[in-house]
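We count ligands from 1, going down the list as the structure has it; atoms in each ligand are counted the same way.
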Amino acid sequence: MDSSGGLLRWSSFAFVMFVGMATVLVPGALGWSKEGHIMTCRIAQNLLGPEAAHAVEHLLPHNLKGDLSALCIWPDQIRHWHKYRWTSSLHFIDTPDKDCTFDYSRDCVKDLCVAGAIQNFTSQLLHYREGTTDRRYNLTEALLFLSHFMGDIHQPMHVGFTSDEGGNTIELHWFRHKSNLHHVWDREIILTALKDFYENDMDLLQETIEGNFTDGIWYDDVSSWKDCDDLLSCPNKYAVESINLACKWGYKGVKEGATLADDYFNSRMPIVMKRIAQGGVRLAMFLNEIFGDSEEGIASAA
Ligand SMILES: *[C@@H]1O[C@H](CO)[C@@H](O)[C@H](O)[C@H]1NC(C)=O
Ligand SMILES: *[C@@H]1O[C@H](CO)[C@@H](O)[C@H](O)[C@H]1NC(C)=O
Ligand SMILES: *[C@@H]1O[C@H](CO)[C@@H](O)[C@H](O)[C@H]1NC(C)=O
């Protein structure tokens, strides 16, 4: 496949640069925290069929040995670079205040939103199997963007109200420190759960999440998570779920200057964990469909 030629040139230098940038955190919350993205990608990777696993390994820089989660946060790291500034708006969707609805043609102008981005990078990756390389597209980047945005679209506050920027401008306290509502959902709930229940061991948390859909509380639901007419329309469903959850659990009862603590944490943590699980299961479904393991994809849910 001639799309791979240039990929061999991914130098370890470039990779170190990307990882180095991870520590330069940009102000304002930017999507699931690295923990949320890493778990989403690892859950997905564990569900890949052989064709998809092979394609992912082939597209990733070789020094990663096929570990997708190592670059799942790359789109956050490069979004302020000049070349990628256009991708900044691809991480979220702004919906009308208090309306609690998502409408693609109203809220995703020129396809520049997280639902449009998932469609775009999915369409690009569909060329991989045909081997019809469109030189405009870099399929390694398409894989990283798709994997990242599948996480973001499941973070409920990424489909939030316009005037408060998905909760970013709603300042409050999380237990005893300052935070904002968006960041509570990106990261605070995950970090508090890790500290209180999982000895700060992200692998243990990920395994618990996986256990809950392979043989636990979500076992009966998981095939319905994969229900969807076709890949390109699925993101709309995920965005609708997110704005509904944002209204019902995110914004509900929260005022500027509030202190959120145990009650909020205990009732919202299960939602966050389920969204990470769904993001992972659905990312795997996409990659399996795209790369030809269709028995692991949508078809199996039908
Ligand atoms: C694809 O993108 C990656 C990351 O930006 C880059 O390192 C690589 O050289 C690109 N590949 C091609 C073929 O341009
Ligand atoms: C899709 O992604 C490509 C980059 O891979 C970009 O040039 C193009 O503008 C995007 N299209 C839309 C509709 O966002
Ligand atoms: C997994 O399910 C158990 C109930 O069986 C629940 O107590 C736990 O919080 C769940 N954990 C995660 C991470 O979803």
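- Counting only heavy atoms of the protein, atom 4 (C) of ligand 3 lies nearest to Ile217 CG2, 3.9 Å.
- At a heavy-atom distance under 4.0 Å, only side-chain atoms of Trp218, from C-beta outward, approach ligand 3.
- Contacts of Trp81 with ligand 1, taken as heavy-atom pairs under 4.0 Å, are absent altogether.
- The nearest heavy-atom contact from the protein to atom 9 (O) of ligand 3 is Tyr198 OH, 4.5 Å.
- Listed for the Arg282 side chain is a donor-acceptor partner under 3.5 Å among the backbone atoms of Trp225.
- Side-chain contact, His37 with Asp152: a donor N or O sits under 3.5 Å from an acceptor N or O.
- In this structure, the ring of Trp74 has its center less than 6.0 angstrom from the ring center of Tyr84.
- At least one heavy atom of Phe121 lies less than 4.0 angstrom from ligand 2.
- Nearest protein heavy-atom neighbour of atom 6 (C) of ligand 2: Trp86 CH2, 3.5 Å.
- Two rings, from His154 and Tyr238, have their centers less than 6.0 Å apart.
- Distance from atom 1 (C) of ligand 3 to its nearest protein heavy atom, with residue and atom name: Asn212 ND2, 1.5 Å.
- For ligand 1, none of its N or O atoms has an N or O atom of Trp74 under 3.5 Å away.
- Between Gln124 and ligand 2 there is a heavy-atom distance shorter than 4.0 Å.
- The option from Leu112, Leu90, Asn120, Leu139 that lies nearest to atom 10 (C) of ligand 2, judged by heavy atoms, is Asn120.
- The N/O atoms of Asn138, backbone and side chain alike, include one that comes under 3.5 Å of an N/O atom in ligand 1.
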